[in-house]
Amino acid sequence: QVQLVESGGGLVQAGGSLRLSCAASGRTLSRYTMGWFRQAPGKEREFVAGIAWIGTSADYADSVKGRFTISRDNAKNTVYLQMNSLKPEDTAVYYCAAHPSPLLLTTTTAYTAWGQGTQVTVSS
């Protein structure tokens, strides 16, 4: 089983940027499709971005398209989420997740491994 650890969260003003990292151990990420999800207080966990294990195919939630970019470095066993033009509504705990399939899925139930999450707070 792959273990995931997120980092890079913090407090930022609206309009600012953060880059989240997700480091994996235990298995190589090259055979996993990776996703970023987030959960705000009182809300369900939602899909933010995903990247397939082959090539650079990616998918984004409509709310972050054009502002967030997901990428992966299989040599470093790490996935990134670059977040620009942050808004207060982006405030949430962000989770990295993996599933051992080439399908780029957006549902939480599809992902079999999860990190512990990192807090992102955007002030207005």
Side-chain angles (χ1 to χ4, degrees):
Q1 179 73 323
V2 62
Q3 290 84 44
L4 305 172
V5 178
E6 303 96 335
S7 62
L11 173 64
V12 64
Q13 289 189 331
S17 299
L18 283 174
R19 188 175 82 154
L20 305 183
S21 298
C22 173
S25 61
R27 296 284 176 90
T28 175
L29 285 186
S30 61
R31 289 291 185 178
Y32 287 83
T33 288
M34 302 299 297
W36 284 98
F37 292 76
R38 66 187 181 188
Q39 188 166 17
K43 294 188 177 181
E44 293 187 353
R45 192 169 298 188
E46 64 176 1
F47 173 79
V48 174
I51 187 165
W53 76 7
I54 298 174
T56 57
S57 295
D59 193 14
Y60 298 90
D62 288 343
S63 59
V64 307
K65 280 181 181 176
R67 300 188 298 122
F68 291 11
T69 302
I70 188 171
S71 62
R72 65 192 301 160
D73 186 336
N74 287 341
K76 294 184 178 179
N77 237 23
T78 302
V79 177
Y80 305 97
L81 185 67
Q82 178 67 43
M83 305 186 296
N84 298 329
S85 302
L86 282 161
K87 304 175 181 180
E89 50 264 44
D90 294 318
T91 294
V93 177
Y94 283 71
Y95 297 90
C96 175
H99 77 90
S101 162
L103 299 177
L104 211 172
L105 302 176
T106 63
T107 58
T108 57
T109 53
Y111 289 77
T112 56
W114 292 83
Q116 82 290 348
T118 185
Q119 177 70 46
V120 172
T121 303
V122 184
S123 62
S124 57

Show the nearest heavy-atom pair for residues [X] and [Y], with the distance to one decimal.
X      : Y      : value
Lys65  : Asp62  : NZ-OD1, 3.2 Å
Leu4   : Ala113 : CD1-O, 3.6 Å
Cys96  : Glu6   : N-OE2, 2.7 Å
Thr112 : Pro100 : OG1-CD, 3.4 Å
Ala98  : Met34  : CB-SD, 3.4 Å

Problem set entry | Counterpart residues, side-chain contact (heavy atoms from CB on, under 4.5 Å), relative to Thr109 (two or more places apart) | Thr107
Side-chain donor-acceptor pairs under 3.5 Å in residues 7-29, sequence neighbours left out?
unit_1	atom_1	unit_2	atom_2	d
Ser17	OG	Asn84	OD1	2.9
Thr28	OG1	Ser30	N	3.3
Thr28	OG1	Ser30	OG	3.1

Pairwise ring-ring contact (aromatic ring centres under 6.0 Å, His included) hits with a residue in [range], at least two apart:
range           : result
residues 11-36  : none
residues 63-98  : none
residues 98-124 : Phe37-Tyr111, Phe37-Trp114, His99-Tyr111

For this session: Sequence neighbours left out, what pairs pass salt bridge (charged side-chain N to carboxylate O under 4.0 Å, His left out) with at least one residue falling in residues 108-121?
Result: none
Problem set entry | For Gln119, all residues meeting side-chain hydrogen bond (donor to acceptor under 3.5 Å, both in side chains), sequence neighbours excluded | Thr121
Seminar exercise, completed: Across all chains, not counting sequence neighbours, the side-chain hydrogen bond (donor to acceptor under 3.5 Å, both in side chains) partners of Thr106 are none
Exercise. Given the rule that I, L, V, M, F, W and Y join up when any side-chain heavy atoms are under 4.5 Å apart, are Leu104 and Ile70 in one cluster?
Worked result: no
Pairwise distance [atom1]([X]) to [atom2]([Y]) - rounded to 0.5 angstrom:
X     : Y     : atom1 : atom2 : result
Ser63 : Asp90 : OG    : CG    : 7.0 Å
Arg72 : Trp53 : CZ    : CH2   : 9.5 Å
Ile51 : Ser57 : CD1   : OG    : 8.0 Å

Residues 40-50 side chain polar contacts: donor-acceptor under 3.5 Å, at least two apart:
unit_1	atom_1	unit_2	atom_2	d
Arg45	NE	Gln39	OE1	3.3
Arg45	NH2	Gln39	OE1	3.4
Glu46	OE2	Arg38	NE	2.7
Glu46	OE2	Arg38	NH2	3.3

Problem set entry | Short side-chain to backbone donor-acceptor contact, Asn74 and Asn77, under 3.5 Å | no
